Amino acid sequence: MDKQNITYPRNTIGEIPPCPVAPDSLQGIPRQQTNPSRWQGEQWSAFVAALQQANIELRVAPHNTGTYMTDAGGLAYGKPHGVVIARSAAQIATLMQLAQQFQVPVTTRGGGLTTEGESVAFGGVLLDMTGMSRVLHIDKTALTVRTEGGIFWHLLAEALRREGLDYLSAPLNLTSSVGGTLGVGGIDVNSSKLGCSADQAIALQVVTPTGEIVECSDEEHAELFQRVILGYGQFGIITEATLRIRPYTPLRMHYFYYSSLRNAVEDLIQIDRSEACDYSGILTMMDRAITLLVAFDSDEREAEFLSHHRKAVRGYGELPFAIRTAAYYAVRPWRIKEALYLYQRKRELFPDLQPAHHMQGGQMIDRTVVFSRAVWKHWGGRQMVIPDLASSVDKFVESVERGNAVCKKYFPHYTLYCVGIKLRADHKAHYELSCIPPDAEEWAYGCEFEPMLGDNSYSRDQLQSFKNEIYDIGVDLGTSYYRFGGMMKGYIRRALGDEVVEKHLAMKRQADPAMILNRHVIF
Amino acid sequence: MSHSNCHGCSLCLLSCPMWQQRRDVQYSPQGIFKALQHNATHDEIAPALFSCLLCGACDVLCPEQIDITDMIKTLRQEAFVKGIEIELQKNIESLLAQPVAETRLEENTIILPGKALRSMPDTLTKIQRLLSNETHAVIATDDGDDIALALEAGIHISEQRRHSFLEPLQGAKRLYISNAHLLRALHRWLPATELCALGYSLSQLNELTSKLNKGDLYLIEAQSFHFDHKQKITHYDQLRYQQGCQTNMDLQRNAIPTAAGALNTLRPALDSTEQGNWILSGRNVQRIVVECAEDGLAMSQVTHHPVLHIADLMGA
Ligand code: SF4
Ligand code: SF4
């Protein structure tokens, strides 16, 4: 269609409502964040007719729209008016031009692995990016891959492994899409060495909110590149991405066990600083059994760690830790239920972290699959409540300890997952208004707080109160959040301040005059 | 477990050939179940229902342990009752109605090779020799191709046809069955008989597998592998490590199927060339060895490399 002829009517739906978290809603006061109100469908029929004329298939049957009713969080519910399966940049460009013209909200969705409703459409169009999910080109010499944006990380890994290659870092949950991840961060157990997934991107093809197709990178249209990377889908839709990749290596894994959260977190930070390992992270069963995972890409790196750094790690091996834990509970018989839970959980979880058919010669050959399947099997479910805090190194221990106290208050069983993220000094501009805290230097750290909901039923208010208390810690300490937006967006302004939010809001208004693209995520 | 247990995690998409070819969630277990959760009619989900290869990879992946392939078969049956895919139903029913000889076989060991293998007499003779240990193995005259197709499609099999198929097999102690759908049904119909997947049994013979090497791509028959994944995964993993051959397993350790199933051949929904190309993509292969003759036929359409049945490794 002829872009010159499009007029953008004065923005009315892009009005920003007041921050839903009132200034007087102080810590510990239960309150509920709610779904945004549904877009009412003004000009919908005219928009549908225009889409039809442009030969863009729109699915409006209830079973089509209902498929996308919620996200992995399972707490936000909304229905789009219609669904478009992404097929090409040109198709999306036309869709966006028409959406601007008719002021129809467009919500993009990859794997739908958000937890605060960021990929849920409250009316308007849901653009399912998984329709564009093919690997376009692998350059074995330059070690780069060009891929469509809607691809799941798992499928990218599948294609790369055939060539003896691997991505650098990706979220543990491999049904996340590349495009979605580049927009929010992407943290892996090797992020303390290689950075977040968003930092792997070399170049992107982006469809802007007004429907231009633009190739951008640090060299070309650098400002758009800066905004789209870690941009939470506000400044464009990633239709293609060029990513750095590397030769594939299996993992040599080691686990160290702690009963002190502080010791484990301090050791994690210390190991990361010493750059003694290639993968590191903490996974806990409450604050009683804390596992520090370290792993290596080569025998040499492993040997060097064992001879030079192992001594400084305060964690125990599996057997000594089991004996200590048994002794602890032997003198506290009233906590037998907790002991049994730990034992049972270990029995269920540990075999799935090293399944025989994904191991060879003691090495893990498919970390991509093992972690992802374990995540779904042992942490997945109808609802996933995973508030988090992302902080600088200095604030990390306190963030984890305070978050842990909140978990304890609300739930008998929960997990903490902590990892470091190596930062790129040249990407400061990418990090503005994102999960990377503004005061972080060299590394940032993230901790997820996930209750084990099991078969218990918790009210939505209770779950929300829990999340609010975690997010309050972020406001208090001045951290950022890894899951950053959707129903918790009110916290962004509180934690990061008005100035940076206003700056980005002004940029958003300029890039997206009708404020239609992923409109309830950040602003 | 029912469709309402699906919480939309998308794991089933990762190994699903139907989704991989369409890149449209409607064509996946997730899409089918989510649609049903929102009151979709059988008509609305029929395109996906009848594109599914029933390969069983999704059964292995679903964290909710929904028996996806069984549900798809049931939904197909219900669709036929509602008059959907009437032509397909008629075609299969006419195959089921064809008369068959009903002579009881006296041998202890009977092989049900399936149509493609029956057209490879030399290979079949080798299989007979390989599987004749204490007793001579015979080839069934009626190996239930029509029944296998009906099982896959979800078509009702009359008592009469079932009887005529089972009667000759009643005296056997051991059956080797090529078709995975038939194998599953026979577990219910002949519970006292020892039932073996033909391809899997051949893959356990050292005199054959010792001939596999680095340049070989060994094609595991997907359906019977996924139906019994826990038990068979170790065997095939050992095979590839010991012999250094490649297999059609993906990163999830599911077998990528060809689209050579009987239903997809009768009513093509998925492109077998695309499927074959995906199996070969990025692999350095000199020879393809299959344990299912139908897979061999499909692969020979997409490669110039030799494609041979595992039994043909005998004396090679
Ligand atoms: S049986 Fe195979 S083709 Fe059918 S839905 Fe499952 S994975 Fe897909
Ligand atoms: S794997 Fe199971 S629960 Fe997950 S989307 Fe598929 S059918 Fe649903």
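Labels below follow one simple rule: chain letters A, B, ... track the order of the sequence lines, proteins then strands, and each chain is numbered from 1. Side chains are part of it too, since the values below use all heavy atoms of this structure and drop only hydrogens, waters and symmetry mates. Keep in mind the model is a prediction, meaning the values are calculated, not measured.
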*Step by step, would you call A/N64 with B/E44 a side-chain contact (heavy atoms from CB on, under 4.5 Å)?*
CA-CA 10 Å; A/N64 291 131; B/E44 286 165 332; over 6 Å; no
*asked:* side-chain contact (heavy atoms from CB on, under 4.5 Å) for B/K34 and A/M69? Distances and angles first, verdict last.
replied: CA-CA 9 Å; B/K34 282 281 155 198; A/M69 193 106 172; over 6 Å; no
*Given B/H7 and A/Q383, is the side-chain contact (heavy atoms from CB on, under 4.5 Å) satisfied, shown in steps?*
CA-CA 9 Å; B/H7 55 65; A/Q383 289 179 326; over 6 Å; no
*Run the side-chain contact (heavy atoms from CB on, under 4.5 Å) check on A/R59 and B/D24 step by step: do they pass?*
CA-CA 12 Å; A/R59 296 177 183 169; B/D24 179 344; 2.5 Å; yes
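Ranking A/R161, A/K377, A/Q360, A/E163 against chain B, the residue ahead of the rest is A/Q360, based on heavy-atom pairs under 4.5 Å. When each of B/C6, B/C9, B/G8 is checked for heavy-atom pairs under 4.5 Å with chain A, B/C9 comes out on top. Ranked by non-hydrogen atom pairs under 4.5 Å with chain A, the options B/Q37, B/H38, B/R22 are led by B/H38. Of the listed residues (A/T70, A/T67, A/N173), the greatest number of heavy-atom pairs within a distance under 4.5 Å of chain B belongs to A/T67.
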Could you list the donor-acceptor pairs under 3.5 angstrom formed between side-chain atoms of residues 47-57 of chain B and any protein atom two or more places apart in sequence or on another chain?
from, atom 1, to, atom 2, distance (Å)
B/S51, OG, B/P47, O, 2.6

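Here A/H63 contributes atom NE2 and B/I32 contributes atom CD1; the two are 11.0 Å apart, rounded to the nearest 0.5 Å. Between B/I233 atom CD1 and A/H358 atom NE2 the span is 7.0 Å, to the nearest 0.5 Å. In this structure, A/I151 CD1 and B/R23 CZ are separated by 6.5 Å, a value rounded to the nearest 0.5 Å.
Considering all non-hydrogen atoms of both residues, B/R240 and A/I365 come closest at NH2-CD1, 4.4 Å. Taking each heavy atom of B/Q252 and A/V369 in turn, the nearest pair found is OE1-CG1, 3.3 Å. Summarising the geometry of A/S372 relative to B/L11, their closest heavy-atom pair is OG-CD2, 4.5 Å, with the distance given to 0.1 Å. Looking at every heavy atom in both residues, A/R134 comes nearest to B/E274 through NH1-OE2, 3.8 Å.
Contacts between B/I256 and chain A at a heavy-atom distance below 4.5 Å involve the side chain alone, from C-beta outward. Heavy atoms closer than 4.5 Å to chain A are found nowhere in B/F33, neither backbone nor side chain. Interface residue B/W19: only side-chain heavy atoms are found under 4.5 Å from chain A. Residue B/S10 touches chain A through both its backbone and its side chain, counting heavy-atom pairs closer than 4.5 Å. If you measure heavy-atom distances from B/Q238 to chain A, you find no contacts under 4.5 Å at all. When heavy atoms are compared at a cutoff of 4.5 Å, A/A157 approaches chain B by way of both its backbone and its side chain. For A/T368, the part lying near chain B is the side chain, with the backbone staying farther off; criterion is any non-hydrogen pair under 4.5 Å. Both the backbone and the side chain of B/L61 come within less than 4.5 Å of a heavy atom in chain A. Both the backbone and the side chain of A/S133 have a heavy atom closer than 4.5 Å to some heavy atom of chain B.
At least one donor-acceptor pair under 3.5 Å links the side chain of A/E158 to the backbone N or O of B/L251.
Residues in residues 248-258 of chain B take part in these salt bridge (charged side-chain N to carboxylate O under 4.0 Å, His left out) pairs, two or more places apart or across chains: A/D366-B/R253, B/D237-B/R253.
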